[in-house]
Undergrad: 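Pasting a structure below so you can have a look.
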Amino acid sequence: MKNVHIVPHMHWDREWYFSTEESRILLVNNMEEIMEKLERDPEYPHYVLDGQTSILEDYFAVKPENRERVRNLVQSGKLIIGPWYTQTDEMVVGGESIVRNLLYGNKDCEEFGAPMKIGYLPDSFGQSSQMPQIFNGFDISYSIFWRGTSERHGTDKTEFYWESDDGSRVLVQLFPLGYAIGKYLPEDEEALQKRIDKYFTVLDKGATTDHIILPNGHDQMPIQQNIEVIMDKLRTLYPDREFFLSRYENIFAELEKGNDLSVLSGEFLDGKYMRVHRSIYSTRMDIKAANTRIENKLTNILEPLASIAYSLGYEYHHGLIELIWKEIMKNHAHDSIGCCCSDKVHREIMNRFFLAEEKTDQLIEFYKRKITDSIENETGEDLLTAFNLLPYEREETVKATVVTKLNGFVMEDSAGENISFEVLGKEILDPGLIDRQIVHYGNYDPFYEYVIQWKDTLPAMGYKAYRIKEADQECSVAEWEELHDHAAETDLYRISVNANGTLKIYDKCDGSEIDQVLLLENGGDDGDEYDYSPVEGEELLYNADTKADISVRQNRFGVEMNIGVALQVPIDLESRKAGKRDGAIQVNWHIEIANDDPTIRIRAAIDNQAKDHRLRALIPTGIASAVSWSDNQFGMIKRDVVDGAMEEWEAQDWDERPDAIYPMLGFVGLTDDMKGVSLLTNSTREYEIVGEAFDTIAVTLFRSVGVLGKENLVRRPGRPSGIKLPTPDSQMIGALDLELALLMHGGSLSSAHVGRQAKEYTTPVHTYNKIPHNAMKLNPSGIITPHEYSLLAETCPSGIVLSTLKKAEKEERLLLRFYNPTDDQAQASFAFNEQGIKPVVAKLSEEPVGELSVHDGTITLDVKRNQVRTVLF
């Protein structure tokens with residue numbers, strides 16, 4: 001007898017082509033029907049609330065009086081909630097974001113009952129190789145998903161084990177036909193049988209037991225009230241099968257009885273049986289870049305800074321930080337961060353990111369101020385504090401803004417040593433901009449705003465304060481040396497700007513050279529918000545012969561380049577097909593290279609005045625490659641530069657052409673193990689390896705499209721994805737700012753510790769300037785903070801990368817998380833500034849699992865390749 005588990009559920013996109021407020025109205029209606037059915041019908045045992053607690057949050061905002069009803073249903077096992085806060089994307093969302101999504105989802109569940117212990121991601125556009133490790137970190141040993149698999153991963157069955165590189169494992173139940181095959185099941189027996197016959201053929205073929213799932217639900221679908229009638233008809237039509245209402249856990253119990261399941265590893269990004277939209281990573285680049293930037297501010301700046309403040313006696317504002325996380329996690333739902341939505345939804349998403357970034361920036365400023373305001377300062381000078389939020393000392397060239405009434409000043413450290421600095425700029429500020437009370441009482445003397453630069457060694461995970469003392473001599477702006485040959489030299493590089501605005505970079509360390517770096521590539525995009533689609537037969541456009549506007553200058557700390565490139569392009573697809581160039585893109589590159597820093601920092605200010613096209617920047621590395629290396633959540637992944645199915649995808653009737661367009665989080669690089677070139681990012685997260693020898697990194701700067709979904713694309717034949725809704729905002733007309741960096745290095749990405757370099761790039765030194773005036777007054781805290789401080793320090797440099805430092809959610813402890821994105825096992829070693837600490841190893845859920853030995857205030861742990869570890873102390 002074959003058993004069919006009918007699982008009632010709804011798939012709840014908070015927003016898509018419709019707004020959150022539209023879905024909330026439906027939610028209020030649907031929830032009442034669901035609860036009434038569960039409460040009144042003892043034969044209706046379970047309902048799955050799509051694995052995300054944001055549904056409850058949206059509902060309780062309208063119906064707070066129903067919390068007790070929900071609690072009763074959850075605790076009785078009838079209403080199944082969690083474990084997520086939102087249905088997260090896995091490709092362009094960072095590891096800490098995915099962990100917090102589960103952390104806050106589980107926290108939300110605690111008020112009502114136990115969460116569903118299944119890694120439930122029924123619609124994410126591909127599966128990250130690190131998900132089993134993340135799931136295991138929350139005691140989740142099961143996973144359900146739909147997209148990304150095919151038999152070339154190692155099995156043609158829909159049940160298998162999935163392992164991460166560290167050995168973490170989950171048991172997977174695949175939805176081979178998606179989560180909606182049981183939607184709106186008809187009472188008409190002929191229609192019902194025709195539909196179910198088609199499903200059973202596929203479900204039976206993939207099953208390893210006599211148990212299969214028929215999920216009874218769909219997007220925004222209300223509960224199917226007549227499901228019992230449908231089941232009676234199914235029993236009549238299929239007398240050799242048992243039909244019953246069930247929950248997902250029941251089928252896993254049956255799967256675990258077997259022991260012959262295949263074990264698969266790696267990421268799942270195949271579009272053979274279902275679309276994964278491999279080029280969705282660059283849709284609405286303004287939104288994608290905002291997410292990258294805010295994620296990095298949260299985990300690299302705010303949380304470590306708040307932890308330092310907490311260790312000095314200040315409050316760690318969990319409530320404020322949770323608000324920020326939940327604001328951006330609403331945007332991490334697969335459709336939302338995929339940006340395959342209507343224009344009005346994208347405006348809502350962008351507004352959430354604006355609010356999240358404003359909250360993040362202001363809380364960062366608050367903590368810097370609290371610490372600096374409390375530094376011992378009997379003589380009352382202005383102070384400038386530099387914060388290093390990495391767990392090791394940094395000898396760094398620091399740039400800061402100093403606001404003062406002084407026409408001349410010197411900088412001193414706590415030992416009274418004079419710190420040499422250079423003034424890059426000086427402006428007069430109206431005192432009302434500092435504090436309107438100043439002019440209210442009749443003082444109109446101006447302030448001066450200086451931009452200064454200096455070099456110093458900063459303590460690990462801490463700060464160093466400098467006194468700003470009056471000097472007799474006026475501070476004058478330093479002269480830059482204009483380099484009219486557009487060539488400059490640092491300790492590590494010789495860099496020149498070609499006439500077309502590209503770079504030629506010579507690496508002094510190994511004598512290698514790369515040329516035509518940042519060449520712009522423009523091509524038509526006849527796709528939609530889900531997928532790039534090339535214009536067949538077109539000739540791509542480059543700025544190879546363009547005359548760029550170039551300025552190169554140098555001071556004693558480094559080099560600054562400003563390059564303006566104007567590229568004439570067709571204004572739309574019609575002009576492109578007609579060979580016209582009646583549109584334009586302006587790209588202004590601002591490049592900074594410190595003398596002793598291997599990281600070449602690049603900002604792109606783009607003005608797009610054309611439609612339906614894609615712009616990429618090319619980095620020719622000179623390294624012919626079969627594979628690329630990039631990071632994913634808590635690790636590094638190797639990918640073929642050409643997908644092996646490219647020659648056969650049409651013959652095999654794939655849903656989507658497997659172009660080797662891939663996501664990254666912080667870096668991508670090519671290497672021949674002797675040398676390497678890596679691209680770091682704090683914005684775009686999409687790349688492809690191109691060129692005749694596959695030696696060129698193509699990083700997508702933006703895509704410009706005007707419709708949510710189209711049918712019959714070149715690389716995605718058949719029906720539309722989504723719906724054919726115009727989305728003119730996704731044409732990306734206007735300004736866009738991106739942040740990138742380049743790194744030439746010896747050896748592989750692993751041996752060069754590119755993961756650490758990417759972390760350094762997105763963790764800049766932060767500064768705070770304390771003066772006697774501030775419009776937002778604060779009373780003294782009563783805490784005295786030192787002039788220099790270090791909370792902890794890495795004692796054995798390796799390839800280990802700090803993920804975050806934060807306060808534990810439920811304990812009076814700090815939490816240190818780190819991972820190993822290298823090819824080999826590495827050792828993590830940290831020394832703490834307090835004696836008598838009692839550190840423990842913890843899960844990603846922050847649950848302690850075992851004590852750690854401490855020797856002279858230092859802990860040491862082995863970290864496997866691509867493993868993440870957590871310590872509470």
Side-chain angles (χ1 to χ4, degrees), residues 1-13 16-18 22-23 25-27 29-38 40-50 78-80 122-123 144 146-147 158 173-207 210-248 250-251 273-275 655 709 711 718-724:
M1 179 72 72
K2 293 189 176 182
N3 299 276
V4 182
H5 298 248
I6 298 176
V7 180
H9 78 100
M10 64 179 180
H11 181 62
W12 200 258
D13 298 307
W16 184 15
Y17 55 88
F18 47 83
E22 182 179 351
S23 73
I25 294 167
L26 297 176
L27 175 64
N29 176 78
N30 291 4
M31 280 293 293
E32 193 64 34
E33 294 179 357
I34 292 164
M35 290 191 293
E36 284 185 7
K37 182 77 169 175
L38 291 171
R40 296 180 182 180
D41 188 348
E43 302 301 315
Y44 195 90
H46 312 293
Y47 193 90
V48 178
L49 210 56
D50 202 36
K78 295 177 77 70
L79 187 64
I80 299 169
D123 204 23
I144 292 177
W146 171 25
R147 301 180 189 269
T158 54
Q173 169 64 65
L174 195 69
F175 281 160
L177 297 167
Y179 55 83
I181 55 175
K183 65 182 178 181
Y184 307 112
L185 292 169
E187 287 192 26
D188 179 79
E189 291 186 8
E190 184 178 348
L192 181 63
Q193 183 169 19
K194 181 179 179 182
R195 186 165 146 193
I196 296 299
D197 279 351
K198 182 172 61 176
Y199 297 154
F200 280 167
T201 301
V202 175
L203 296 176
D204 289 345
K205 180 182 178 183
D210 290 331
H211 295 261
I212 59 174
I213 295 178
L214 185 66
N216 174 225
H218 187 41
D219 304 354
Q220 274 59 40
M221 175 179 153
I223 190 168
Q224 183 154 2
Q225 299 282 18
N226 67 338
I227 190 64
E228 293 87 353
V229 175
I230 302 298
M231 289 168 63
D232 286 341
K233 292 181 180 294
L234 288 170
R235 293 182 184 112
T236 301
L237 291 169
Y238 303 96
D240 59 336
R241 295 179 187 263
E242 183 72 29
F243 294 88
F244 48 90
L245 294 174
S246 186
R247 60 190 293 167
Y248 294 129
N250 295 339
I251 199 163
Y273 300 111
M274 66 295 289
R275 296 169 176 181
D655 276 8
E711 74 278 10
R719 64 169 178 84
S721 286
I723 59 174
K724 294 179 71 173

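Just so we're clear, the structure is a prediction, and the values are computed from it rather than from any experiment.
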Undergrad: Test your reading of the model: is there a side-chain donor-acceptor pair from Gln220 to the backbone of Leu26, 3.5 Å cut-off?
TA: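 No, because the side chain of Gln220 does not come within donor-acceptor range (under 3.5 Å) of the backbone of Leu26.
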Undergrad: Is the closest side-chain heavy-atom distance between Leu245 and Glu43 below 4.5 Å?
TA: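 Not in contact.
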Undergrad: As an exercise, state the distance from CZ of Phe18 to CG of Asp13, rounded to the nearest 0.5 Å.
TA: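 Output value for this atom pair is 5.0 Å.
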Undergrad: Minimum heavy-atom separation for Ile181 to Tyr199, with atom names?
TA: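 Here Ile181 and Tyr199 meet closest at O-CE1, 3.0 Å.
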Undergrad: Taking atom CG of Asp50 and atom CD1 of Ile80, what is their separation to the nearest 0.5 Å?
TA: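 These two atoms lie 12.0 Å from each other.
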Undergrad: Does any non-hydrogen side-chain atom of Lys2 lie less than 4.5 Å from one of Ile212?
TA: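 Not touching, per the 4.5 Å side-chain cut-off.
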Undergrad: For a 4.5 angstrom cut-off between non-hydrogen side-chain atoms, does Ser23 reach Trp12?
TA: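 Ser23 vs Trp12: side chains touch.
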Undergrad: Can you tell me how far the CG atom of Asn29 sits from the CD1 atom of Ile34, to the nearest 0.5 Å?
TA: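 So the gap between those two atoms works out to 9.5 Å.
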Undergrad: Does His11 use its side chain to pair, donor to acceptor, with the backbone of Asp123 at less than 3.5 Å?
TA: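 No, the answer is negative, given that no donor and acceptor are paired below the 3.5 Å cut-off.
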Undergrad: Just do the side-chain contact (heavy atoms from CB on, under 4.5 Å) check on Leu27 and Met10 with the steps written out, would you?
TA: CA-CA 10 Å; Leu27 175 64; Met10 64 179 180; 3.8 Å; yes
Undergrad: Looking at OH of Tyr248 and NE2 of His9, how far apart are the two atoms once the value is rounded to the nearest 0.5 Å?
TA: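 These two atoms lie 4.5 Å from each other.
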Undergrad: What pair of heavy atoms forms the shortest contact from His218 to Tyr184, and how long is it?
TA: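 Looks like CD2-CE1, 4.2 Å.
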Undergrad: If you look at every heavy atom in Pro222 and Glu33, which pair is closest and at what distance?
TA: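 Minimum heavy-atom contact is CB-OE1, 3.9 Å.
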Undergrad: Please lay out, stage by stage, how Lys78 and Tyr44 fare under the test side-chain contact (heavy atoms from CB on, under 4.5 Å).
TA: CA-CA 8 Å; Lys78 295 177 77 70; Tyr44 195 90; 5.6 Å; no
Undergrad: Could you walk me through whether Thr158 and Gln173 pass side-chain contact (heavy atoms from CB on, under 4.5 Å), step by step?
TA: CA-CA 6 Å; Thr158 54; Gln173 169 64 65; 4.1 Å; yes
Undergrad: Would you call Arg247 and Tyr47 a side-chain contact if the rule is heavy atoms closer than 4.5 Å?
TA: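 They are not in side-chain contact.
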Undergrad: Would the distance check show the side chain of Lys183 and the main-chain N or O of Asp219 forming a donor-acceptor pair, the cut-off being under 3.5 Å?
TA: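 Answer holds: no.
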Undergrad: Are Leu214 and Leu185 close enough, and set up right, to give a side-chain contact (heavy atoms from CB on, under 4.5 Å), and what steps lead you there?
TA: CA-CA 11 Å; Leu214 185 66; Leu185 292 169; 4.3 Å; yes
Undergrad: For the atom pair CG (Leu237) and CZ (Phe243), what is the distance rounded to the nearest 0.5 Å?
TA: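 The distance works out to 8.0 Å.
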Undergrad: Between the side chain of Asn226 and the main-chain N/O of Val229, is any donor-acceptor distance below 3.5 Å?
TA: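 Checked: no pair found.
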Undergrad: So do Leu203 and Val4 actually touch side chain to side chain, heavy atoms under 4.5 Å?
TA: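 Not in contact.
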Undergrad: Could you note down all residue pairs passing side chain to side chain donor-acceptor pair (under 3.5 Å) where residues 231-244 supplies at least one of them, sequence neighbours left out?
TA: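 Sorted pair list: Asp197-Tyr238, Asp204-Arg241, Asp232-Arg235.
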Undergrad: If the plane angle is over 60° it's perpendicular, under 30° parallel, otherwise tilted; pick one for His5 and His211.
TA: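 Judged by the thresholds at 30° and 60°, the geometry between His5 and His211 is tilted.
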Undergrad: Taking atom CZ of Phe244 and atom CE of Met231, what is their separation to the nearest 0.5 Å?
TA: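 Here the interatomic distance stands at 8.5 Å.
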Undergrad: Taking C-beta and beyond as the side chain, do Leu38 and Leu79 meet within less than 4.5 Å on heavy atoms?
TA: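 Sidechains of Leu79 and Leu38: in contact.
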Undergrad: I need the minimum non-hydrogen distance between Ser246 and Asn250, along with the two atoms involved.
TA: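 Looking at all heavy atoms of both residues, the shortest contact is OG-ND2, 2.9 Å.
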Undergrad: Identify the two heavy atoms, one from Gly718 and one from Arg275, that lie closest to each other, and give their separation to 0.1 Å.
TA: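 Distance-wise, the nearest heavy atoms are C-NH2, 3.9 Å.
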Undergrad: Looking at side-chain heavy atoms only, is the closest gap between Val202 and Lys198 below 4.5 Å?
TA: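 Not in contact.
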Undergrad: Of the non-hydrogen atoms in Met221 and Gln224, which two are nearest, and what is the gap between them?
TA: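 Taking Met221 first and Gln224 second, the nearest heavy atoms are CE-OE1, 3.8 Å.
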